[in-house]
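Following: one structure in structure tokens, then a few remarks.
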Amino acid sequence: MKKIFSIVLVVVLVVTSVVFVPSSAYAKGKIKSLKLSKTKMSLQVGESDSAKVTIKVKKKMSKAFKVKTSNAKIVTVKKKGKKVVVTGVGAGTAKVTVTSKANKKKKKVIKVNVTKPTPADIAMNLTQLNGYTFELAFAKKVNLSTSSIKVETKEYSDGKYNHVVLIRNVTSRDGVIYFVTLKEEIVKKRIVKFTVSGINKTPIVKEMSSYMFEGKYNLSTESVYTAKIGESFNTIFSAQNYIDASGFVSISVSDLPSGLTSTLKNESVIIEGKPNKVGVQKAKVVFTDEKGMTYTIFLVLVVGSERKLVTYAPDAELYVNHDGYIRQGVSNFVVAGGSGSYKINVESRSSVYFERPDRVFAGSYHWYFEVNTPGNYEGIVKVVDSMDPELYTTVTTRAKSIYGIEVSGTVKTKTGKKVDGVCIESFVEEQVNNWGEFQYAGVTDENGEYTLILPKGKYTIQADLNGEYDFERHKTISKDCTVDFTLDLYQLKLTSDDPDFNLSENYSWIEDDMNYNSHNYTIFLSKGKHRLVSCFDLLCKELIIDTNVVGDETLKVEVKNLTLDLGKNDIEILNDIGQSYSFTPSVDGEYSYDVQLGYSVWLSRLEVFDEDGLKIDIEGGYTTHFRNTIYLEAGITYKLRFIVKGYPTDGSITLEKTN
């Protein structure tokens, strides 16, 4: 029995030693030290930093450690080898604790301060695309609206910004490049300032000198005039009408026709005198700015006499594509001398020409033609003096057709609807054959498709409908290509409870001087609330349309009748627009109307129509103030159309019953 007990006791002692004796690897006090390369960190949200962990132990002791953050909403922490990596995720302070696994009492703390990052200013570039539109290109995506932008202009570099230009709309495809369309054209040499708020901490201010878009590059043009021997001739060419000048503009004139002189005045040249030589004579006027950009005008003076007719026909040039796309062109010719009145007889022509030329004005004619293949075409006409059949001459017009580059594409709305009636314009930036300025416009068909045939070059191609623009900037055209556009528009189907308003018909509307068209119940509009007023017809209606929608849909239109009341100024004075209003007198008698407009109006007119649409009165003209009296019958609804051209600053239109 004693022997058995001894064995059991030994076993118990062994088990006790295994359970209660600590492992030497985790024995307390075996870690010599735990150190960090840094105990403080300052981070911005999104930034990371690291600290090296150094643990000294006795031989064969563990150097393992663990990490913990006091606030995971401020910083996150992870181990990477012998390093602790700390990342700021929110503004505030937090602690990162590094603890030895061998001895929990061995620990160190990193104090971390995290701040919100200071946003770097977003850069913006400003480019003028045409007289109405500027491109704002940002370094990254931003949110920009009309209310964020202020546009001002001044005439001189040392002047003051005393004119604010209203903005029509702001559009963008990607949030990086924005197109800002203004309500007035800036074509003269002005300094334009854009102030953009809400993007950077301080507003972005950009200035640039505006330009006349048509004269941006080294170009040339031909100006043709007619004259007679001994009669006075006078014309003026002004640099600001042709060239986007940088600094001072110098002018040179050469090869003046006999009998004419030139005078330079204020960057303009006056050419005048009495021609004394019959025939076609050419002079050259060259404008050159300080950067060497030039604009050349070839003055062609066609001089006839009482007994001699002289003609001139510049060659025309036209581009077609390889698929036989039919293009229409025009050939011009002028006639000088004789009585100034002529009869035109077609002598011979290529089959592409129409039957006879159209008279533009005295001595000037257009002859339209169509071609679908390259080649040289010509037509010969006989010009006979209307007062003297014995006085006649012939003129040969020539047209050259060559292959061009086909640019085609489709225009859609934001929701993918194809849009017809969109104007597609091409503005040349660089012409490979130095042919000169080239602009050509096309219109999309019922499928929203268009085709342009252009010479090789570098272009800005623009799509425009109702003042909504989209651009393809600096498109180098060297071969057939596709350029598609997406306009910031919705296609809206309109309905109305007004029995006098047939939405299936075609109507023209205005809003902020912009023209809109509706047809077959449909109109294309941008997002927002619109107030459309009938203009070029006698509809006398106003539509209130709210397009705060996310896609195309059918909307019921709020319709108001536009009526003119006695003694009230009910006509909104807009530029270059005809506005229709109705008036129904309660009694027969004489009614007077009085129109008074502010400055900068060069034409105003009031037209009155009866219920059958017959014009019964018209008044106005080149004036800012006119009045008249007209007899109106009771119970008849008269239509009044008011037209103003210019830039009216204010005004009133009053209709009153006379005593």
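All values below come from the heavy atoms of this structure, side chains included, with hydrogens, waters and symmetry mates left out. Model, not experiment: these values are computed from the prediction.
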Applying side chain to side chain contact (heavy atoms under 4.5 Å, CB included) to His625 and Asp594, what does each step give before you reach the verdict?
CA-CA 8 Å; His625 180 206; Asp594 189 356; 3.1 Å; yes
Tightest non-hydrogen contact, residues Val559 and Ser496, listed as CG2-OG, 3.3 Å
Please check: side-chain N/O of Thr226 versus main-chain N/O of Val302, any donor-acceptor pairing under 3.5 Å?
no
Would you confirm whether Asn266, through its side chain, and Ser268, through its main-chain N or O, come within 3.5 Å as a donor-acceptor pair?
no
Once you measure the plane-to-plane angle for Phe194 and Phe134, does it fall in the parallel (<30°), tilted (30-60°) or perpendicular (>60°) bin?
tilted
Does Arg605 come within less than 4.0 Å of Glu619, counting only side-chain N to carboxylate O?
no
Looking only at atom types and distance, does a side-chain atom of Ser386 sit under 3.5 Å from a main-chain N or O of Ser341, one as donor and one as acceptor?
yes
Sequence neighbours left out, what passes side chain to side chain donor-acceptor pair (under 3.5 Å) with Thr235? Give chain and number order.
Tyr225
Nearest 0.5 Å, please: how far is CZ in Phe524 from CG in Leu489?
7.5 Å
Can any side-chain N or O of Gln128 pair as donor or acceptor with the backbone N or O of Ile186 at less than 3.5 Å?
yes
Looking at every heavy atom in both Val165 and Thr153, which two are closest together, and how far apart are they?
CG2-CG2, 3.8 Å
Of all heavy-atom pairs between Val334 and Val224, which one has the smallest distance, and what is that distance?
CG2-CG1, 3.8 Å
Taking atom CG of Leu525 and atom CG of Asp546, what is their separation to the nearest 0.5 Å?
11.0 Å
Would you say that Ile523 contacts Leu532 through its side chain, given a criterion of any heavy-atom pair below 4.5 Å between the two side chains?
yes
Donor-acceptor contact below 3.5 Å, side chain Thr658 vs main chain Glu590
yes
Is any side-chain heavy atom of Ile149 closer than 4.5 Å to one of Tyr178?
no
Find the distance between NZ (Lys150) and NZ (Lys193) and round it off to the nearest 0.5 Å.
7.0 Å
Side-chain (Tyr450) to main-chain (Cys423) donor-acceptor, under 3.5 angstrom:
no
Within the structure provided, determine whether Thr444 and Leu465 are in side-chain contact (heavy-atom separation under 4.5 Å).
no
Could you tell me whether a side-chain N or O of Asp617 sits under 3.5 Å from a main-chain N or O of Val608, the two making a donor and an acceptor?
no
Does Arg190 pair with Glu184 as a salt bridge, N-O distance under 4.0 Å?
yes
Check: Tyr638 side chain, Glu633 main-chain N or O, donor-acceptor pair, under 3.5 Å
yes
Residue pair Leu260 / Pro275, side-chain heavy-atom distance below 4.5 Å
yes
Contacts of Phe583 that satisfy ring pair (Phe, Tyr, Trp, His ring centres under 6.0 Å) - sequence neighbours left out
Tyr591
Within the structure provided, determine whether Leu256 and Ile271 are in side-chain contact (heavy-atom separation under 4.5 Å).
yes
Minimum heavy-atom distance between Val303 and Val310, given as atom pair plus value
O-CG2, 3.1 Å
Restricting to non-hydrogen atoms, name the atom on Leu597 and the atom on Val595 that form the minimum distance, rounded to 0.1 Å.
CG-CG1, 4.1 Å
Where the side chain of Glu511 meets the backbone of Arg531, is there a donor-acceptor pair that is under 3.5 Å apart?
yes
Anything under 30° is parallel, anything over 60° is perpendicular, the rest tilted; go ahead and classify Phe333 against Tyr365.
parallel
Heavy atoms only: give me the nearest Ser604-Thr623 pair and the separation to one decimal.
OG-O, 2.8 Å
Answer yes or no: are there more than 12 heavy-atom neighbours, outside Lys657 itself, under 6.0 Å from its atom NZ?
yes
Pair Thr637, Thr584: side-chain N/O donor-acceptor within cut-off below 3.5 Å:
yes
So do the side chains of Ile544 and Lys529 get within less than 4.5 Å of each other, counting heavy atoms only?
yes
Would you say the ring centers of Tyr295 and Phe287 fall short of 6.0 Å from each other?
no
Under the side chain to side chain contact (heavy atoms under 4.5 Å, CB included) criterion, do Phe233 and Glu231 qualify, and how do the steps go?
CA-CA 6 Å; Phe233 174 82; Glu231 291 185 352; over 6 Å; no
Evaluation steps, side chain to side chain contact (heavy atoms under 4.5 Å, CB included), between Tyr516 and Ile510:
CA-CA 6 Å; Tyr516 294 82; Ile510 55 171; over 6 Å; no
With a 3.5 Å cut-off and no angle check, do the side chains of Ser145 and Ser147 form a donor-acceptor pair?
yes
I'd like to know if the side chain of Lys206 reaches the main chain of Leu126, judged simply by a donor and an acceptor atom lying under 3.5 Å from each other, with no hydrogens or angles considered.
no
Parallel, tilted or perpendicular, as decided by the 30° and 60° cut-offs, for the rings of Phe626 and Tyr593:
perpendicular
Taking the side chain as everything from C-beta on, heavy atoms only, tell me whether Glu207 gets closer than 4.5 Å to Tyr161.
yes
What distance do Ser252 atom OG and Leu264 atom CG have between them, rounded to the nearest 0.5 Å?
9.0 Å
Atom pair CE (Met387) and NZ (Lys343), whose distance is rounded to the nearest 0.5 Å
10.0 Å
Ring pair (Phe, Tyr, Trp, His ring centres under 6.0 Å) partners for Tyr312, two or more places apart:
none
Can you tell me how far OG1 of Thr133 sits from CZ of Arg168, rounded to the nearest 0.5 angstrom?
9.5 Å
Got Ile643 and Leu603 here, is their nearest side-chain heavy-atom distance under 4.5 Å?
no
Could you go through Val411 and Leu487, starting from their C-alpha distance and side-chain angles, then the distance that decides it, and tell me whether this counts as side chain to side chain contact (heavy atoms under 4.5 Å, CB included)?
CA-CA 7 Å; Val411 180; Leu487 297 182; 3.8 Å; yes
Checking side-chain polar atoms at under 3.5 Å, does Thr181 have a donor or acceptor matched by the opposite partner on Asn169?
yes
